[in-house]
Enquirer: 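Have a look at this one.
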Protein chains: 2
Amino acid sequence: METRELRYFVAVAEESHVGRAAERLGMAQPPLSRAIAQLERRLGADLFVRTPRGVELTSAGETLLREGRTALAAVEAAERRTRRTAAAGGRASVVLTAKAGAQSELMAKLLDAYAAEPDAVEVDVVLSPPGHQAVMLRDGRADVAILHRPFDDLSGFDMDVLAVEEQVLILPAGHAASARPSMTVAEASSIPDLPLPRWPNLDGSYPDGPGPELRDMTQILQLIRLGRAAIVLPESVRASVREGLAVVPLTDAPQVTTVIAWPPHSTSPAVAGLVRTASRL
Amino acid sequence: METRELRYFVAVAEESHVGRAAERLGMAQPPLSRAIAQLERRLGADLFVRTPRGVELTSAGETLLREGRTALAAVEAAERRTRRTAAAGGRASVVLTAKAGAQSELMAKLLDAYAAEPDAVEVDVVLSPPGHQAVMLRDGRADVAILHRPFDDLSGFDMDVLAVEEQVLILPAGHAASARPSMTVAEASSIPDLPLPRWPNLDGSYPDGPGPELRDMTQILQLIRLGRAAIVLPESVRASVREGLAVVPLTDAPQVTTVIAWPPHSTSPAVAGLVRTASRL
DNA sequence: GGTGTCCATACCGCGGGGGTATGGCACCAG
DNA sequence: CTGGTGCCATACCCCCGCGGTATGGACACC
């Protein structure tokens, strides 16, 4: 099976419509129809049932869609990483990605410790919006990532745990609830005049709800000082909490685990070294 | 990048020789040279340095070899799984692979429990030689596997832990050492007249050493009864130990963890159901 | 039954993958 | 230094197969 065939198949499966898929692929409809039919012949499997409105996946087609997407991502990742190591011009280098804003002290410690290693290579740090680290690791734009359980999807990666912490509620300093010694998540999310902000989805859109749309951390902290919102965050943010804000521990929020993750089996020596120093921190 | 190009590249990289790679691929040398050159142009990266003896990988080439192999495996897995679900003829089914011989009671419990589930599908159990479960999971011949830490390479899989057990030494009943209440691994492996058997590598070859070559469990137990060998195994084998054999606990052997593993992101409903019942055992 | 909306088939042109023959280069034996 | 050997690259050719256009055929809806 060629990646071209797979790309065609995925396009048709996603559109449920050969014509639209062809348009998306920048080609005419008949060759696409033929390519799909040929793929079906070669696999010995019907991938679609043809309906008057378009096409629908068979169960074999659903399997190929699931598996094919990850296969395509793997090919794409191979290509990207190859281009990158070539661009580095023989001198090895590693791209590390992390969420913009948080755990800067941990990152600094890691980068310092690694730079002191005898066989250290250059580390490019790429800060990306929350939730995008795993994507970048999967498609080859990054080699290692710092990410967070249970928020990020870690499936398919190897990883080491770097830190475990509780979560706290950040709210305006003067607010009545700020005097409480602790709170539950249910209580925190139902404070009448303090809605929790909404986090953007992977595609940049926002879920519906009452809270403000969260853009960056300083903006939301500003909103909290103004008495307009509250937010649940890992307790390490205490370090960056200045006046005007109060912190209340949450008793039943899930623990947040900071991990360093990397794609399995692509253990370049540089990545291995970085992971080794990370796990010694 | 097309999978054909990747296959060509991997062949050349593995042979370090364009001519031999071409032979292996069943084609002539010049088109292969050209395909590689074209791949290099398209990637904008030199993958090989040409030497008078053949070719050598550049660092970019090493990256592509590492990544490309897993990408090819992913494509192959997609193809196999699609063929399989098509062959199942609409009626979903799952292939579970496990090491031949061991933990049969756990498997039986799992299969019984799963069969009782409302949405259970047919489960094909494939027993494969030790160490091959992970390979079958990676190349799509299986959907779920029962395997064992730290022996199997679990990287890249999602998993749940099913059981944790200590290891024991099995030796002839009459042997002097069989009276000891416990032993260390060092002691167990240096009993003068009882060599530990050698396990086959993934390719079927055997490492060098004094012990007998292990073929199957009954054969090795026979050898132990004859006073010719001893073996270290998880303690669950006590159940299948009959007369003529003695069991001595090991104090410092690593724990053996039995896990159920599955490829990430290919979570078909059937696999998900099987895993769910497994983790409830 | 006409019409619109799909996907499939028929047919054609051309790019590119694969073949053979040969060149160019480095190393080695003498 | 020179002929020989063992590589990979280039030159040239053929033909398969991919992609294009035109059209057929099935189905739903009015």
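It should be emphasised that the depicted structure is a prediction, and the values quoted were computed from it without experimental measurement. Each chain gets a letter, A, B and so on, in the order the sequences are listed, and its residues count up from 1.
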Enquirer: Answer yes if the side chains of A:S128 and A:Q133 hold a donor-acceptor pair under 3.5 Å, and no otherwise.
Expert: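 Yes - a donor-acceptor pair under 3.5 Å links their side chains.
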
Enquirer: Could you state the NE2-C1' distance from B:H17 to D:dC7, rounded to the nearest angstrom?
Expert: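 B:H17 atom NE2 is separated from D:dC7 atom C1' by 6 Å.
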
Enquirer: Could you check how far CG of B:L32 sits from P of D:dC8, rounded to whole Å?
Expert: 9 Å

Enquirer: So, does B:S33 get its side chain near the phosphate of D:dA9, meaning an N or O under 4.0 Å from OP1 or OP2?
Expert: yes

Enquirer: Is there a donor in the side chain of A:S33 and an acceptor in the side chain of A:Q29, or the other way round, less than 3.5 Å apart?
Expert: yes

Enquirer: Measure from the side-chain heavy atoms of A:M27 and tell me the nearest of D:dG20, C:dC7, D:dC18.
Expert: D:dG20

Enquirer: What's the closest nucleotide to the A:R4 side chain, out of C:dT20, D:dC8, D:dC18?
Expert: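 Shortest atom-to-atom distance from the side chain points to D:dC18.
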
Enquirer: Could you state the interatomic distance from CG (B:L47) to OG1 (A:T82), rounded to the nearest 0.5 Å?
Expert: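 So the gap between those two atoms works out to 7.0 Å.
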
Enquirer: Got a donor-acceptor pair under 3.5 Å from the side chain of A:R34 to the base of D:dG17?
Expert: no

Enquirer: Just so I know, are the side chains of A:V75 and A:L6 near enough to count as touching, which here means a heavy-atom distance under 4.5 Å?
Expert: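 They are not in side-chain contact.
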
Enquirer: Measure CD/B:Q29 against P/D:dA9 and give the value in whole Å, please.
Expert: 7 Å

Enquirer: To the nearest Å, give me how far apart CD (B:E40) and P (D:dT10) are.
Expert: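 B:E40 atom CD is separated from D:dT10 atom P by 11 Å.
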
Enquirer: Taking OP1 and OP2 of D:dC18, is either one under 4.0 Å from a side-chain nitrogen or oxygen of A:Q38?
Expert: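 The answer is yes; a side-chain N or O of A:Q38 sits under 4.0 Å from OP1 or OP2.
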
Enquirer: Between B:D46 (CG) and D:dA9 (C1'), how many Å, whole number?
Expert: 14 Å

Enquirer: Roughly how many Å is it from CD in B:E15 to P in D:dC7, rounded to a whole number?
Expert: 12 Å

Enquirer: Can you tell me the distance, in whole Å, between the CG atom of A:L25 and the P atom of D:dC18?
Expert: 15 Å

Enquirer: Compute whether any side-chain donor of one residue and acceptor of the other, for A:T85 and A:R81, lie under 3.5 angstrom apart.
Expert: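 No pair is found: no donor N or O on one side chain lies under 3.5 Å from an acceptor on the other.
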
Enquirer: Using a heavy-atom cut-off of 4.0 Å across all strands, would you classify B:P52 as base, sugar-phosphate, or nothing?
Expert: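 The residue B:P52 makes sugar-phosphate contact but no base contact.
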
Enquirer: Specify the separation, in whole Å, of atom CZ of B:R50 and atom C1' of C:dA26.
Expert: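 These atoms are roughly 15 Å apart.
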
Enquirer: Let me spell it out: for each of B:Y8 and B:P30, pick the nucleotide of DNA chain C with the closest heavy atom. Which residue's pick is nearer the 5' end?
Expert: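 The residue mapped nearer the 5' terminus is B:Y8.
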
Enquirer: Under 4.0 Å, heavy atoms only, any strand: does B:E2 hit a base, just the sugar-phosphate, or nothing?
Expert: nothing

Enquirer: What is the nucleic acid contact for A:F48, judged by heavy atoms within less than 4.0 Å: base, sugar-phosphate only, or nothing?
Expert: nothing

